[in-house]
Amino acid sequence: MMAGMAILAATLAVGVVAGLVMKRRNGRMRTVEGARVTRGDLGADLGERATLVQFSTAFCQPCRATRRILGEVAGMVPGVRHVEIDAESRLDLVRRFDVLRTPTVLVLDAAGNVVKKASGLPRKADVIAALGAAVDGASHRPSHPSDKV
Amino acid sequence: MQIDPRGPRFAAAVTTVVLAVVLVTRNPWVLAAQAIVFALGAADASPYGFVFRTLVRPRLRPPAELEDAAPPRFAQAVGLVFAVVGLIGFAAGITALALGATAAALLAAFLNAAFGFCLGCEMYLLIRRLQPGRFQ
């Protein structure tokens with residue numbers, strides 16, 4: 001009985017900590033360097049100025065909301081494309097870009113360089129800010145290489 | 001199929017309580033009952049979902065948006081695997097296995113109930129990643 005209580009308390013404590021950490025990290029845009037996606041990888045054209053690549057699976061709750069947000073942003077900002085990839089059928093890309101969860105979003109600049117990466121449902125404002133970094137970074141890269149906007 | 005997202009969260013809250021009872025009382029029959037609930041849930045006939053639809057939902061406002069039923073259904077199947085492992089632990093007298101598997105299922109149910117985070121759903125890609133991939 002006592003041991004069971006202790007295991008229960010420990011499990012709930014782990015749950016609270018894990019839940020808070022995941023809530024904080026969820027959808028956060030992290031800066032990525034040195035990775036590139038080509039038109040051939042995607043099987044679709046890159047956006048003229050930037051591309052939002054979304055990895056999804058059939059058993060993914062937040063993928064639908066992510067699709068809506070990225071679609072809205074791509075419709076709003078000219079030259080930006082939203083490309084959705086079925087993670088299951090592209091395990092090569094999943095491994096290459098270290099995708100552990102869905103949705104995972106890669107933000108590419110005009111040349112296909114991966115500028116930002118987020119896993120979990122991203123906030124619209126964060127997507128727009130990341131696009132800013134992708135569009136801006138492409139033209140000013142040498143002046144501030146670790147732009148963290 | 002589209003469902004009210006509060007249904008799976010309600011079910012996860014009930015599951016959390018049931019699995020907590022299993023941990024404290026070490027009663028394998030309670031875990032067996034939850035295993036049956038997981039199996040029914042995976043087959044889209046969750047008894048907790050039925051309670052939600054008949055008793056809880058009529059008292060709530062309509063949902064802001066609906067969600068796909070497939071992810072929570074898959075998570076129920078993952079829950080079933082853990083429950084079965086726990087039952088094997090009880091049957092074989094390996095208490096650590098029984099309680100460990102129950103605690104893992106409880107953690108997933110709690111994260112879903114408290115944070116809306118579906119750990120079972122996340123297992124899907126991780127499992128697929130372990131298998132050899134089709135390339136394009």
side-chain hydrogen bond (donor to acceptor under 3.5 Å, both in side chains) with A/Arg36: which residues, sequence neighbours excluded? none
Fellow cluster residues of B/Ile3, listed by chain then number, with links counted only when side-chain atoms sit under 4.5 Å apart: B/Met1
Sub-6.0 Å ring centroid separation between B/Phe74 and B/Tyr124: yes
Contact class of B/Ala70 relative to chain A, heavy atoms under 4.5 angstrom: both
Could you tell me which of A/Asn26, A/Thr102, A/Val99 has the largest number of non-hydrogen atom pairs under 4.5 Å with chain B? A/Val99
Taking side chain as C-beta onward, heavy atoms only, is B/Pro47 less than 4.5 Å from B/Leu40? yes
Would one find more than 12 heavy atoms of other residues, nucleotides or ligands at under 6.0 Å from atom CZ of A/Arg123? no
Non-hydrogen atoms of chain B under 4.5 Å away: do they reach the side chain of A/Arg101, the backbone, both or neither? both
Evaluate whether atom CD of A/Glu72 has more than 12 neighbouring non-hydrogen atoms of other residues, nucleotides or ligands under 6.0 angstrom away. yes
Look only at the side chain of A/Arg49 and the backbone of A/Ala134, and say whether a donor-acceptor pair between them is shorter than 3.5 Å. no
Members sharing A/Leu70's hydrophobic cluster (side chains within less than 4.5 Å): A/Met29, A/Leu52, A/Ile69, A/Val73, A/Met76, A/Val77, A/Val80, A/Val105, A/Val107, A/Leu121, A/Val127, A/Ile128, A/Leu131
If you check every heavy atom in residues 29-37 of chain B against those of chain A, which residues fall under 4.5 Å? none
Proximity breakdown for A/Thr57 and chain B, heavy-atom pairs closer than 4.5 Å: side chain
Need one label for B/Leu107: side chain, backbone, both or neither, based on atoms under 4.5 Å from any heavy atom in chain A. both
